[in-house]
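Below is one structure, written out as C-alpha cells; comments come after it.
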Amino acid sequence: MRRDEVVISGISPFNLKETLESGQAFRWDAEDDVFTGVVRGRVLRARQEGDSLVLARPASDEDIRLAVEYFSLDVDHASIERRLCDMDPVLECAVRSFTGLRLLRQEPWECLVSFILSARNAIPLIRRAVERIARAYGDPIEQEGGARQSGDEFGNTSYYSFPTPGKLASADVLDLVRCGAGFRSQYVKAAAERVASGDIDLEGLRNLAYEAAKDKLMSLRGVGEKVADCVLLFSLGSYQAFPIDVWMTRVMRYFYFGGSKVSTATIAHFARERFGDLAGYAQQYLFHYARRKLAVELRGLE
DNA sequence: GCCCAGGTGAAGT
DNA sequence: ACTTCACATGGG
C-alpha cells in the first residue's frame, strides 16, 4: 500500500465498478481497475481493494469528504439491500447479482444536462457530448501536488470542470450542436438560462415534496417524466423516483407483467405500490440487471 | 441505406 | 387520454 494513498474501509457492501458502469454518471473512465472522473470540479481517482475504496495520489481531506458523499458511503446500504431482497424474488436475484451497487449523489446541474442529453441517445454518445461540453465551456482543473497529467498539449489527458449554468446560458446553440448535443442543444441552453437566472433553484428542490420538485423540473423543455426522475434520484436524494426508459419497460414487462404490453403509467403505479420509498434503488438494480444479464432475451421481446 | 439509442413535445385521433 | 411523428447524431 502506497503511503500517499488514502484508504476508506468499512464500506461493504460497495462495488465501485458496477456503480460507475450502471448508467448513472457519464464522466468516469477506467484504466484497468482504476477509475478517474471529475466531480464538482475536482479530479477523483479511485480503485477498489476488497471492501475498501482507495483514493489514488494526492487525496486531500476535501477529496475524502467528497468521495464519501458522492458514493453514498455514509448510507447503511446493507439494510437497504436486505429490505429489497425481502420485497420479492426478482429483486433478490438482482441485488445478489450486483451487491454494492450504490446510488450516487451527483451535482444536480450536471446531472440535469446529462439526462437532457440522454433523450433518444446512446450512452457512448451521451458521454462524448458531456465531455465535449466540459472541454468547450468548463475550466481546466489544476491537479495538486506533482505529476500533472502529461499530454495536455494534445488534449488527451487533461480534465475540465462541468460548466456552470451561466456559462452555458451564454453558449451559442450551434456550438452545442458541434459538441454532439443534437436537437437537445436548445433545451440545454434554455435550461441553463432558467437556472442561471434563479428562476429554478435546483438545490432548493430538495426542500420540496417529490411531486412538486418533479413538476418544477418538468417545466423545463426537454425534461419529461423520465429525465426528471433521473435528476431527482441521482442528484437530489428522492429515492422514491422510478425512471422508466426502454430498458425498464422491457424488464418490468418481463418479470412482473407476464410479457404483456403495459403503459409507463401502469408500471409507475405498480412500482410505487411494490417498492415504495425504495423504488429508486429497485430501479437501479433492475436496470443494471436488465442490461448486464438480460440484454439478449429482452430485445427479442419487443 | 436502415435501424436504433436511458424521450420529449406537438399534433392528430 | 392515447397514438403518432419528428427530432440530430453516430455506430452496428
Side-chain angles (χ1 to χ4, degrees), chain A residues 18-28 94 98 101 103-104 106 108 110-133 136 171-192 194 200 214-236 238 241-254 260-269 271 279-302:
Chain A
E18 300 301 341
T19 298
L20 291 179
E21 294 181 353
S22 66
Q24 302 177 60
F26 300 95
R27 291 202 73 192
W28 288 87
F98 296 105
L101 177 57
L103 282 172
L104 300 170
Q106 300 183 59
E110 176 180 333
C111 190
L112 172 62
V113 175
S114 299
F115 281 97
I116 287 176
L117 294 174
S118 77
R120 198 65 195 177
N121 206 350
I123 289 183
L125 297 188
I126 301 167
R127 292 169 55 84
R128 183 198 294 179
V130 172
E131 198 54 40
R132 284 180 179 171
I133 287 174
D172 182 341
V173 175
L174 285 180
D175 286 329
L176 289 172
V177 171
R178 289 187 194 99
C179 289
F183 63 88
R184 312 158 196 89
S185 298
Q186 52 187 317
Y187 299 152
V188 171
K189 182 175 167 69
R194 294 273 305 275
I200 286 194
K214 187 169 176 177
D215 286 345
K216 276 274 191 193
L217 286 170
M218 288 176 62
S219 72
L220 294 165
R221 309 247 305 167
V223 179
E225 297 244 12
K226 191 268 176 185
V227 171
D229 272 337
C230 284
V231 175
L232 286 163
L233 183 59
F234 301 140
S235 73
L236 292 170
S238 290
F242 192 82
I244 301 171
D245 68 335
V246 288
W247 285 98
M248 285 307 295
T249 303
R250 289 172 183 149
V251 73
M252 292 298 285
R253 273 180 63 184
Y254 184 74
S260 59
K261 200 174 175 193
V262 281
S263 70
T264 56
T266 302
I267 294 172
H269 180 260
Y281 280 97
Q283 183 274 161
Q284 199 59 22
Y285 283 101
L286 291 171
F287 174 80
H288 196 54
Y289 186 86
R291 294 192 56 115
R292 281 271 209 252
K293 304 255 191 187
L294 296 176
V296 180
E297 293 92 316
L298 294 182
R299 279 179 188 280
L301 196 65
E302 297 295 308

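Here is the naming used below: chain letters follow the sequence lines, and residue numbers restart at 1 for every chain. Basis for what follows: all heavy atoms, side chains included, without hydrogens, waters or symmetry-related copies.
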What heavy-atom pair brings A/Leu117 and A/Ala181 nearest, and what distance separates the two atoms?
CD2-CB, 3.6 Å
For atom [atom1], what is the distance between [N] and [M], given to the nearest Å?
N      : M     : atom1 : value
C/dC5  : B/dC4 : P     : 14 Å
C/dG12 : B/dG6 : P     : 13 Å
C/dG11 : B/dT8 : C1'   : 23 Å
C/dT9  : B/dG1 : C1'   : 16 Å
B/dC2  : C/dA6 : P     : 14 Å
C/dC7  : B/dC3 : C1'   : 15 Å

Provide, to the nearest angstrom, the distance between the [atom1] atom belonging to [X] and the [atom2] atom belonging to [N].
X        : N     : atom1 : atom2 : answer
A/Ile267 : B/dG6 : CD1   : C1'   : 14 Å
A/Arg184 : B/dA5 : CZ    : P     : 13 Å
A/Arg291 : B/dG6 : CZ    : C1'   : 7 Å
A/Trp247 : B/dA5 : CH2   : C1'   : 10 Å
A/Tyr289 : B/dG6 : OH    : P     : 19 Å
A/Leu233 : B/dG6 : CG    : P     : 18 Å
A/Phe183 : B/dG7 : CZ    : C1'   : 7 Å
A/Phe234 : B/dG6 : CZ    : P     : 13 Å

Would one find a side-chain N or O of A/Arg250 under 4.0 angstrom from OP1 or OP2 of B/dA5?
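True: A/Arg250 side-chain N/O within range (under 4.0 Å) of B/dA5 OP1/OP2.
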Using a cut-off of 4.0 Å on non-hydrogen atoms, how would the nucleic acid contact of [X] be classed: base, sugar-phosphate, or nothing?
X        : answer
A/Gly222 : sugar-phosphate
A/Gln24  : base
A/Leu220 : sugar-phosphate
A/Ser22  : base

Return the 5'-most residue of the pair A/Glu225, A/Leu125 with respect to DNA chain B, ranking by each residue's nearest nucleotide.
A/Leu125
Sequence neighbours excluded, which residues qualify as salt bridge (Lys or Arg N to Asp or Glu O under 4.0 Å) partners of A/Arg194?
A/Asp199
By salt bridge (Lys or Arg N to Asp or Glu O under 4.0 Å), which residues pair with A/Arg132, not counting sequence neighbours?
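For A/Arg132, no residue satisfies salt bridge (Lys or Arg N to Asp or Glu O under 4.0 Å) once neighbours in sequence are set aside.
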Going 5' to 3' along DNA chain C, which nucleotides are the first and last within contact of chain A (any atom under 4.0 Å from a heavy atom)?
C/dC7 to C/dG11
What nucleotide among [options] has an atom nearest to a side-chain atom of [X]?
X        : options              : result
A/Arg221 : B/dC4, B/dG6, B/dA10 : B/dA10
A/Ala122 : B/dG7, B/dA5, B/dA10 : B/dA5
A/Tyr187 : B/dG6, B/dA5, B/dG9  : B/dG9

Kindly indicate whether the side chain of A/Asp229, heavy atoms from C-beta on, has any atom under 4.5 Å from the side chain of A/Lys226.
no
Ring-ring centroid check A/Phe115 A/Phe26, cutoff 6.0 Å
yes
Output the distance between atom CD (A/Gln283) and atom SG (A/Cys230), rounded to the nearest 0.5 Å.
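Separation between the atoms: 6.5 Å.
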Could you tell me the separation between the CZ atom of A/Phe234 and the CD atom of A/Gln106, rounded to the nearest 0.5 Å?
7.5 Å
Does a side-chain N-to-carboxylate-O contact under 4.0 Å join A/Arg178 and A/Asp175?
yes
Let me spell it out: for each of A/Arg128 and A/Ala119, pick the nucleotide of DNA chain C with the closest heavy atom. Which residue's pick is nearer the 5' end?
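The answer here is A/Ala119.
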A/Ser22 and side-chain hydrogen bond (donor to acceptor under 3.5 Å, both in side chains): which partner among A/Gln284, A/Arg292, A/His288, A/Arg291?
A/Gln284
